[in-house]
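Taking it in order: structure first as structure tokens, then the write-up.
In this chain, numbering begins with 1 at the start of the sequence shown. Predicted, not measured: the structure shown is a model, and the values here were computed from it.
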Amino acid sequence: MAANNRRMSGKKGAQVGSGGNRRRGLEGKGPTPPAEARKGHVKNRIANAKAKKAASAPGGRRPAPKGRGGRASSEMVVGRNPVFEALRDGVPASTLYVQQFIDNDERVREALQLAAERGGIHLMEAPRPELDRMTNGLNHQGLVLQVPPYEYAHPEDLVAAAFDEGQDPLIVALDGVTDPRNLGAVVRSVCAFGGHGVLVPERRAAGMTAGAWKTSAGTAARTPVARATNLTRALEQYKKAGVAVVGLAADGEHEVGDLEALGGPVVIVVGSEGKGLSRLVGETCDYRVRIPMPGGAESLNAGVAAGVVLYEAARRRA
């Protein structure tokens, strides 16, 4: 009651001190750390890329830096022929589920043999109702292969890796390409012509599914794929880093063989076969180039178009 009367009278009572926290808050925190040690700084990302490269095994690039660009969801490949082909073509796999009391035909034996030879793939026997539940009732024919989530790179990692190797970045970005086989074909072309990676949007675009892995013919293990939340913003960041943005368009102002910018740091943007480049992406491009087609075809699919421009870029860099 006395305390209440004291507050009502306006008189100050005992005050709680800061315990020295205010004085300590005014103390210096030491010198500013170098750019390489500041999280989020471009030099920090380049230093991390160097560390990752040094820690990786020799003989090629890893699929992608972990944790920067996000993960895809896991995927199930079902059916005897699809499972066999995925194992034969080197699609990453974590578990092969085999139905109990399955008819042991040639395809089943070959799939089991491939899984055993590759190593690192768990073999699990499961009753048919369990496989039906896992596949939502698809015709799995007694074989289900689980493909682990793909580890996407961050868009800036592609540029940092190129500069780390003392090279001009050569990147392909896909705008509105929804067929995983086209993505796999682009990955294969990027690897063949010495590119540094592929950039795809996070939404309304093909991802690194089992189909994309198969079409890449194993090159996806050496060529990173990055995923951008906003493709236009990612391209603008590339421009700030000194990378030219070249978009492919049927009505482009330049022919692909005449564009000198392909000999330097460049990201080649390929649109969908039907719609081409979206408006915002097209406006972001520094150059729009066309591929001469004397045969009269209206357009090329993304994989073929990317291969043509990548060849020209590699020729200028040779």
On a heavy-atom basis, which atom in [X] and which in [Y] lie closest, and how many Å separate them?
{"X": "V91", "Y": "R118", "value": "O-NH2, 2.8 Å"}
{"X": "A153", "Y": "L158", "value": "CB-CD2, 4.4 Å"}
{"X": "G90", "Y": "W213", "value": "O-CE3, 4.3 Å"}
{"X": "P201", "Y": "L174", "value": "CD-O, 3.1 Å"}
{"X": "A115", "Y": "L123", "value": "CB-CD2, 4.0 Å"}
{"X": "F193", "Y": "L170", "value": "O-CD2, 3.9 Å"}

message: Is there a path of hydrophobic side-chain contacts, each under 4.5 Å between heavy atoms of I/L/V/M/F/W/Y residues, joining V246 to L280?
response: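 Shared cluster, no.
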
query: Do M293 and L248 share a hydrophobic cluster (ILVMFWY, side-chain heavy atoms under 4.5 Å, transitive)?
result: yes

Has the side chain of [X] got a donor or acceptor atom that lies under 3.5 Å from a matching backbone atom of [Y]?
{"X": "R317", "Y": "Q167", "answer": "no"}
{"X": "R109", "Y": "N104", "answer": "yes"}
{"X": "R80", "Y": "Q141", "answer": "yes"}
{"X": "D157", "Y": "H154", "answer": "yes"}

task: Give a yes or no on whether a salt bridge exists between R107 and D105, defined as a side-chain N under 4.0 angstrom from a carboxylate O.
output: no

message: Looking at D175 and K275, is there a salt bridge between them, counting it only when a charged N and a carboxylate O are closer than 4.0 Å?
response: no

Roughly how far, to the nearest 0.5 Å, is [atom2] of [Y] from [atom1] of [X]?
{"X": "E202", "Y": "T229", "atom1": "CD", "atom2": "OG1", "result": "4.5 Å"}
{"X": "L145", "Y": "L87", "atom1": "CG", "atom2": "CG", "result": "5.0 Å"}
{"X": "R290", "Y": "H254", "atom1": "CZ", "atom2": "NE2", "result": "9.0 Å"}
{"X": "I268", "Y": "L310", "atom1": "CD1", "atom2": "CG", "result": "4.5 Å"}
{"X": "I171", "Y": "H196", "atom1": "CD1", "atom2": "NE2", "result": "8.0 Å"}
{"X": "N81", "Y": "E110", "atom1": "CG", "atom2": "CD", "result": "9.5 Å"}

With a 4.5 Å cut-off on side-chain heavy atoms, are [Y] and [X] touching?
{"X": "L112", "Y": "L96", "answer": "yes"}
{"X": "L231", "Y": "L199", "answer": "yes"}
{"X": "R128", "Y": "I102", "answer": "no"}
{"X": "E260", "Y": "R316", "answer": "yes"}
{"X": "I291", "Y": "V309", "answer": "yes"}
{"X": "P292", "Y": "V256", "answer": "yes"}
{"X": "V269", "Y": "V281", "answer": "yes"}
{"X": "M208", "Y": "R227", "answer": "no"}

Show me the side-chain donor-acceptor pairs of residues 232-243 shorter than 3.5 Å, one per line, residues at least two apart or across chains.
from	atom 1	to	atom 2	distance (Å)
Y238	OH	P155	O	2.7
K239	NZ	T284	O	2.9
K239	NZ	D286	OD1	3.4

Side-chain donor-acceptor pairs of residues 301-308 under 3.5 Å, sequence neighbours excluded:
from	atom 1	to	atom 2	distance (Å)
N301	OD1	G303	N	3.2
N301	OD1	V304	N	2.9

field: Residue E106 excluded, over 12 heavy atoms near CD under 6.0 Å
entry: no

query: Going by side-chain heavy atoms closer than 4.5 Å, which hydrophobic residues are tied to M134, directly or by a chain of links?
result: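 Besides M134, the cluster holds M76, V78, Y97, M124, L131, L138, V144.
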
message: I'd like to know whether V98 forms a side-chain contact (heavy atoms from CB on, under 4.5 Å) with L143, so could you lay out the CA-CA distance, the side-chain angles of the two residues, the decisive distance to 0.1 Å, and finally the verdict.
response: CA-CA 5 Å; V98 184; L143 287 184; 3.9 Å; yes

